[in-house]
Amino acid sequence: MSDEVDVVVIGLGPGGEDAAGRLAEAGLSVVAIESRLVGGECPYYACVPTKMMVRAAGLLEEGRRVPGMAGSATVRPDWAPVAARIRDEATDSWDDKVAADRLTGKGARLVRGEGRITGPNEVTVDGQVFQARRGIVLNTGTAPTAPPIDGLADTPFWTNREAVQATEAPTSLIVLGGGVVGAEMTQVFSRFGTRVTIVEAADRLLLNEEPESSALIRDVFEREGIGVRTGVNVTAVSHDGDEFTMRLGDEALSAERLLVATGRRPNLRGLGLEHVGLEERARHIPVDGHMRAADGVWAIGDITGMGAFTHVSMYQAGIAVRDILGEEGSPAAYRAVPRVTFTDPEIASVGLTEAQAREQNLPVRTGMARIPDSTRGWIHKAGNDGFVKLVESTEWGTLVGATAVGPAGGEILGFLAVAVHTETPTAVLREMIYAYPTFHRAIESALADLDARG
Ligand SMILES: Cc1cc2nc3c(=O)[nH]c(=O)nc-3n(C[C@H](O)[C@H](O)[C@H](O)COP(=O)(O)OP(=O)(O)OC[C@H]3O[C@@H](n4cnc5c(N)ncnc54)[C@H](O)[C@@H]3O)c2cc1C
Ligand SMILES: NC(=O)c1ccc[n+]([C@@H]2O[C@H](COP(=O)([O-])OP(=O)(O)OC[C@H]3O[C@@H](n4cnc5c(N)ncnc54)[C@H](O)[C@@H]3O)[C@@H](O)[C@H]2O)c1
């Protein structure tokens, strides 16, 4: 016996939850399947709790910046309010009742368990079979991975999921992986008094960003007393009941805690993708501009490989919903995917880095302006690290990429994202008036620098 419905959504990350709710509100019968928590990684283990941690760490650092600028301040970090806020305000102690009620309130039917495709238009959850008349939406997201380092799997290391549940800041921490998760968590715990070393295999932190961003964040980390190890090969990890020991060839690091932040793998195994002609061992599910992955199958979110961000998941959900409802709309465009690493300074970028543009054989020139050299940056003084870097196509006279690093770098990025998305000529950007004295006025200086460099 099987239930016939219009749409089955497997996995309720931010995009899946949104799509299921919107399709139900449009009058379709929707079954929404989730094996863990409605809303996915972002509200419970990722964006939201980690940004609460970042906010708290930022407050501490601002307090430390008072001397010499505004009097005196004594800062005594205490993790207890952070842990409480994550439990009480962000995650309801990892209980998704509010989100589940919000979804069912929109008319979707929530089914808990592992969904698996068992035939074309057919999904099975714990023996219940659903026939999806219009189709299946996949939003199964990712899970943390750990590299195959000798001994590591036998140790009680943290991933992001344990780090956000910490009830106290450890005395010492090794962070393995200098990507976004690693960089954000390194600075948070260090500012709460934890002795932190970040260990990265590549020759720089934040490998996907401009090299200037990597150099600056390293400099800031080292100034804040964080140990930064790049270009290293971790050969073994052990835990003696109290402490982790990490071997880097002849050298050893030890710490109370180890956070592994070396990337994520898509949740595709066991999903039954072979029934719809897709490959479960692939790194991503390829989709067209309307998020179609196969006949009657749409895929959204991290599993599409178009940017592992909540805003991409939500953007794609909107496009898939339109397509399922048969509405007109532009296909997905990814030339202006924004991304913000919430360190201090924030590292925000959109579109292509200079290196990515050159790899695509785009003729480009770049312009730079340092935030400390801007009026606002000079006034700001303590904590004014940052720069704006623009990547202009010399053929089109438009920005194909940009980076804004600094206080509120993520907010300055909004301007640059519009410029890249709308392909506004840089000649027009030069004609604009930039408010004085703002951080974003550095964009005007970076535009002038484009010309200066020819
Ligand atoms: C520490 C950290 C911080 C982050 N911070 C940010 C940030 O500040 N800003 C930002 O934009 N992004 C951030 N991200 C990325 C962001 O969390 C993800 O991009 C976002 O969650 C979107 O993922 P998704 O929609 O693909 O699904 P996910 O959020 O991964 O959710 C997928 C859901 O599918 C469920 N599922 C999987 N398989 C099945 C199955 N077979 N049956 C039923 N259910 C299934 C899972 O249980 C899960 O709930 C962060 C990530 C991490 C790890
Ligand atoms: N602010 C945000 O928007 C935000 C925050 C966190 C995460 N995210 C998303 O989550 C994704 C995953 O983040 P992540 O930081 O886990 O992955 P990542 O891919 O960004 O970084 C992983 C890092 O670990 C390094 N690494 C891998 N194996 C290693 C080893 N054996 N030894 C040392 N280093 C090793 C890699 O070289 C890489 O630099 C990101 O790509 C991003 O899209 C977004």
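Residue numbers start at 1 and run along the sequence shown. The structure displayed is predicted, hence computed values, not measured ones. Both ligands and their constituent atoms are indexed starting at 1 by order of listing.
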Using atom types as modelled and distance alone, determine if a side-chain donor or acceptor of E200 lies under 3.5 Å from a backbone N or O of G178.
yes
Out of [options], who is nearest to [atom] when you count heavy atoms only?
{"atom": "atom 3 (C) of ligand 1", "options": "A46, A308, G115", "value": "A46"}
{"atom": "atom 27 (C) of ligand 2", "options": "T262, T235, N233, L152", "value": "T262"}
{"atom": "atom 37 (O) of ligand 2", "options": "E184, H311, E346, E200", "value": "E200"}
{"atom": "atom 1 (N) of ligand 2", "options": "T341, V175, V340", "value": "V340"}
{"atom": "atom 17 (O) of ligand 2", "options": "G179, A46, G263", "value": "G263"}

Does an N or O anywhere in [X] fall below 3.5 Å from an N or O of ligand 1?
{"X": "E184", "answer": "no"}
{"X": "N160", "answer": "no"}
{"X": "N267", "answer": "no"}
{"X": "E41", "answer": "yes"}
{"X": "F309", "answer": "yes"}
{"X": "S35", "answer": "yes"}

Considering the heavy atoms of [X], write down every atom of ligand 1 situated less than 4.0 Å from one of them.
{"X": "G301", "value": "26 (O)"}
{"X": "T142", "value": "30 (O)"}
{"X": "N139", "value": "24 (P), 25 (O), 26 (O), 27 (O), 32 (C), 33 (C), 34 (O)"}
{"X": "G113", "value": "42 (N), 43 (C)"}
{"X": "I10", "value": "40 (C), 41 (N), 42 (N)"}
{"X": "R264", "value": "53 (C)"}
{"X": "L271", "value": "41 (N)"}
{"X": "R36", "value": "47 (O)"}

What protein heavy atom sits nearest [atom], and how far away is it?
{"atom": "atom 10 (O) of ligand 2", "answer": "A308 O, 4.2 Å"}
{"atom": "atom 34 (N) of ligand 2", "answer": "A201 N, 3.1 Å"}
{"atom": "atom 7 (C) of ligand 2", "answer": "V181 CG2, 3.5 Å"}
{"atom": "atom 32 (N) of ligand 2", "answer": "L176 CD1, 3.6 Å"}
{"atom": "atom 4 (C) of ligand 2", "answer": "V180 CG1, 3.4 Å"}

Short list, please: which atoms of ligand 2 are under 4.0 Å from a heavy atom of R264?
12 (C)
Which of the atoms in ligand 2, numbered in the order shown and given with their element, are less than 4.0 Å from a heavy-atom of F342?
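It comes down to these atoms of ligand 2: 1 (N).
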So, for atom 41 (O) of ligand 2, does the protein have a heavy atom nearer than 4.0 Å?
no
One residue to check: [X]. Relative to ligand 1, which of side chain, backbone, both or neither has a non-hydrogen atom less than 4.0 Å away?
{"X": "M185", "result": "neither"}
{"X": "C47", "result": "both"}
{"X": "L12", "result": "backbone"}

Mind checking whether A261 has a heavy atom under 4.0 Å from ligand 1?
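The answer is no, since A261 has no heavy atom less than 4.0 Å from ligand 1.
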Determine whether any heavy atom of R116 lies closer than 4.0 Å to an atom of ligand 1.
no
May I ask you to check if R376 and F439 form a cation-pi contact, with NZ or CZ under 6.0 angstrom from the six-membered ring centre and within 45° of the axis?
yes
Please list all pairs meeting ring-ring contact (aromatic ring centres under 6.0 Å, His included) that have one or both residues in residues 98-129, counting only residues at least two apart or in different chains.
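Listed once each, the pairs would be none.
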Can I get a per-line list of side-chain donor-acceptor pairs under 3.5 Å for residues 100-107, giving both atom names and the distance, sequence neighbours left out?
unit_1: D101; atom_1: OD2; unit_2: K97; atom_2: NZ; d: 2.5
unit_1: R102; atom_1: NE; unit_2: E17; atom_2: OE2; d: 3.1
unit_1: R102; atom_1: NH2; unit_2: E17; atom_2: OE1; d: 3.4
unit_1: R102; atom_1: NH2; unit_2: E17; atom_2: OE2; d: 2.7
unit_1: T104; atom_1: OG1; unit_2: A100; atom_2: O; d: 3.0
unit_1: T104; atom_1: OG1; unit_2: D101; atom_2: O; d: 3.3

Flag yes if more than 12 heavy atoms outside E168 fall under 6.0 Å of its CD atom; otherwise flag no.
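No, CD of E168 has 12 or fewer neighbouring heavy atoms, counting only those of other groups under 6.0 Å.
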Residues L268, L278; criterion side chain to side chain contact (heavy atoms under 4.5 Å, CB included); working and verdict:
CA-CA 10 Å; L268 301 180; L278 295 171; over 6 Å; no
Would you please indicate if the ring centroids of F192 and W79 are separated by under 6.0 Å?
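Yes, the ring of F192 comes within the 6.0 Å limit of the ring of W79, centre to centre.
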I'd like to know whether the aromatic ring centres of W158 and F244 sit less than 6.0 Å apart in this structure.
no
Working to the nearest 0.5 angstrom, can you tell me the gap between I324 CD1 and D6 CG?
10.0 Å
Are a donor atom and an acceptor atom from the side chains of E256 and T171 found within less than 3.5 Å of each other?
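T171 and E256 do have a side-chain donor-acceptor pair below 3.5 Å.
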